[in-house]
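Here is the structure we will look at.
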Amino acid sequence: MKASIFIIFCCSLFWYSCAPKLTSSFISDTEGFELRKAPKLFYSCNDQLQYIPDSLTSMKYIRVNVHFMDDSTGTKNFSMKDGEKYMRSLINNANKRLGDNRKMSLPVGNNTPVIPINYRYKLVAATDDPNDRGFYKHLDNELYYFLNKGKHRNNYNRDVIKKYNIGGDSIVNIFVLPHHPDSVKSKTYKPHKTGIALGSDLKVSGLFEDPSKPWEFATLLNHEVGHILGLSHSWIRNDRCDDTPTHPNCWDSNSGPPCDGTYSNNMMDYNNSQMALSPCQLGIINKGFNKLLHKNRKLVRVNWCKKESDTEIIVSDTVQWLGSKDIQRDIRILEGSVLEISCRVSMPQGGKIIVEPGATLKLINSYLHNDCDLAWEGIEVQTRGKLEGKVEAFGNVRIENVVENSPSNL
Ligand SMILES: [Zn+2]
């Protein structure tokens, strides 16, 4: 018995002293890289289908504020107190609906996947004023009303936005306007709920006049913000998505001809549901979130520059990233696995890409950086004995924002 313990002890010692050691080198820029010719492009960083949310896609928070327009009497729209309560309730309900993406109802019998919607609205103050809660009231006899008919129609007019926008193009400014009182008196004018997206802002009307509860306007907000984020009406042919079929835009199952009892539930059609976004539509929205300088990206709170977790992203197969990404964790490529990065990847502050012995990282026309100019640690290439990690670079590759005292720079 004693002898066998001794043998095991010796073997352990032998193994420990003879096992090849793991060593690391760091890459912090493209100097010393052999940049090879890029392979023929079979993808585009602009392909919206590469931006359909997956497990690496983070939640985005779209900044919003609210303006109540009124005339000098201050009686044609909500008071600040009532308006704030109303709009908080409306926005909460709109967020709840975003958290409940539904299966597409069209085409009948479809197998379109249901992907969780990865954005919500966040009310924000535009100033440091402690009383600024993101709600504003303006008394302006010229610009307070909404009119979508007749000679003085102003529904597409941007004057009220130009004058009262706060936060430029970093906040969706929601203007709540009453219908013009003279028009409301007319029998031919319907002061119905309506909205129009104009650039990154939107005008909504009918909320004050309509006795409906705030939640009944939530899908109107989601629809209009859908336009701001780049979506077209989805019943039309050229909405850039194959998973949103054309249809006659029927309101519900009781709609008359040409409706046949089927109807869409897509957020970007006119129907009594507006609770579904397709994968392609989410791809269009997220392409905007991920593209530097895109207007969608300017609207969201930056929450991708630091690590969200110490749990690594494990690559254990051949994986291609064909769209731009903002990554919030370290990446580890396991032996025998390949990660191909095309387009742009932002790494979190202090983060790194670990290429294990026998693993490969391919950089193809790619740009690795930290989007907030914070330092990350670069690419750690590991070697054990004769087994090396490999980094291959093709075409136009840039690596920026790697920490100055990275082991590679010592
Ligand atoms: Zn619309």
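Position 1 is the first residue of the sequence; numbering continues from there. Note that the structure is predicted; figures quoted are calculated from it, not measured. Numbering of ligands and ligand atoms starts at 1, following listing order.
- Aromatic ring orientation, Y136 versus H138: parallel (interplanar angle below 30°, classes split at 30° and 60°).
- The minimum heavy-atom distance between V355 and G389, with the atom names listed, is CG1-CA, 3.9 Å.
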Problem set entry | Test log, rule side-chain contact (heavy atoms from CB on, under 4.5 Å), inputs I284 and Q281 | CA-CA 5 Å; I284 289 175; Q281 289 174 309; 5.6 Å; no

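- Both tests hold for R398 against Y367: distance to the six-membered ring centre under 6.0 Å, angle to the ring axis within 45°.
- Taking both residues in full, the closest heavy atoms of V381 and K390 are given as CG1-N, 4.4 Å, listed atom of the first, atom of the second, then distance.
- Excluding water, every protein N/O/S atom under 2.8 Å from the Zn ion (ligand 1) is given here by residue and atom: H223 NE2, H227 NE2, H233 NE2.
- Under the salt bridge (charged side-chain N to carboxylate O under 4.0 Å, His left out) rule, E312 has a single partner from R332, K307, R329, which is R332.
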